[in-house]
A.B. asks: 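To start, I am sharing the structure in question, which I have written as structure tokens.
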Amino acid sequence: MSGRPAVNTVILFDLDDTLYPEADYVRSGHRAIAQTLASRTGNPTDSVYAALRYDYCKFGRAGLFDRIVAAYGLPSSLVKELVRTYRLHTPQLSLDPRVRDLLTDLRKQHKIAVVTDGDANMQKEKVQALGLAGLVDLVVYCWELDARKPDPGAFLHATEVLGGKPETAIIIGDDPTHDVEAALKMETACIRVRAHRFAEIESLTRPALYTEIASVLDSRAAIDRVGDMRG
Ligand SMILES: [Mg+2]
């Protein structure tokens with residue numbers, strides 16, 4: 001077991017596309033938007049949802065609400081309300097039971113934090129829906145600390161609160177900029193999850209201690225690899 005992380009290694013997990021697929025949240029948000037637009041237009045929710053999803057799949061998320069509001073002949077002032085609806089809706093999400101087991105298992109040996117970027121109210125809804133609060137030691141919202149990723153401030157804060165140090169902590173995340181560059185700046189190890197949106201993007205700028213996994217479910221072995229690299 002020599003070289004393996006000691007008890008109380010702080011493991012810093014990203015949330016979106018690391019612990020669950022963000023696409024699930026996007027679908028849930030679109031469902032909430034479709035309900036709002038259906039009540040405004042009298043169209044069935046399913047048909048609004050299908051139109052919204054088609055536009056999203058074809059043209060992406062930038063300008064999506066502007067396009068859908070225009071398509072239904074609604075005032076552009078409604079876009080702001082839709083953004084609010086999207087961010088504050090109660091999402092329909094469930095945590096993969098294997099991720100739940102992973103966190104429970106890791107927590108027997110390590111301190112675990114979720115460090116998440118994005119509108120804090122929106123991220124809190126996700127954490128609540130996934131039931132994460134009881135599975136980790138700490139949840140940190142980067143925007144509340146005015147430390148948007150790849151600013152390592154929120155990761156450093158979590159490490160300190162949990163009694164760890166950057167030289168023995170590990171960031172596990174999917175984003176080659178937000179998570180990997182934060183690890184580089186913080187001079188800590190990074191386990192990159194090559195899954196979902198950014199899977200094909202190489203981490204060209206990376207910390208000295210770096211390894212990749214195809215799924216967060218492979219974290220346990222990767223944490224041991226990092227321990228071996230640290231010697
Ligand atoms: Mg992410």
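Each ligand, and each atom within it, is numbered from 1 in the order the structure gives. These values consider heavy atoms only, across backbone and side chains, with no hydrogens, waters or symmetry-generated copies. Everything quoted here is computed from the prediction, not taken from an experiment. Throughout, residue positions are numbered sequentially from 1 according to the sequence presented.
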A.B. asks: Kindly say whether D117 contributes a backbone atom to a donor-acceptor pair with the side chain of Q123 at under 3.5 angstrom?
C.D. replies: yes

A.B. asks: Against the six-membered ring of Y25, is K126 placed for a cation-pi contact (under 6.0 Å from the centre, within 45° of the normal)?
C.D. replies: yes

A.B. asks: If you leave out waters, which protein N, O or S atoms are less than 2.8 Å from the Mg ion (ligand 1)?
C.D. replies: D14 OD2, D16 O, D174 OD1

A.B. asks: Kindly give the cluster partners of Y210, where membership spreads through any ILVMFWY side chain lying under 4.5 Å from a current member.
C.D. replies: V180

A.B. asks: Using the benzene-type ring in the case of Trp, are the ring centres of F155 and H178 under 6.0 Å apart?
C.D. replies: no

A.B. asks: Answer yes when R220 and D105 have at least one side-chain N-carboxylate O distance shorter than 4.0 Å, and no when they do not.
C.D. replies: yes

A.B. asks: Can we call the ring centroids of F59 and Y54 under 6.0 Å apart?
C.D. replies: no

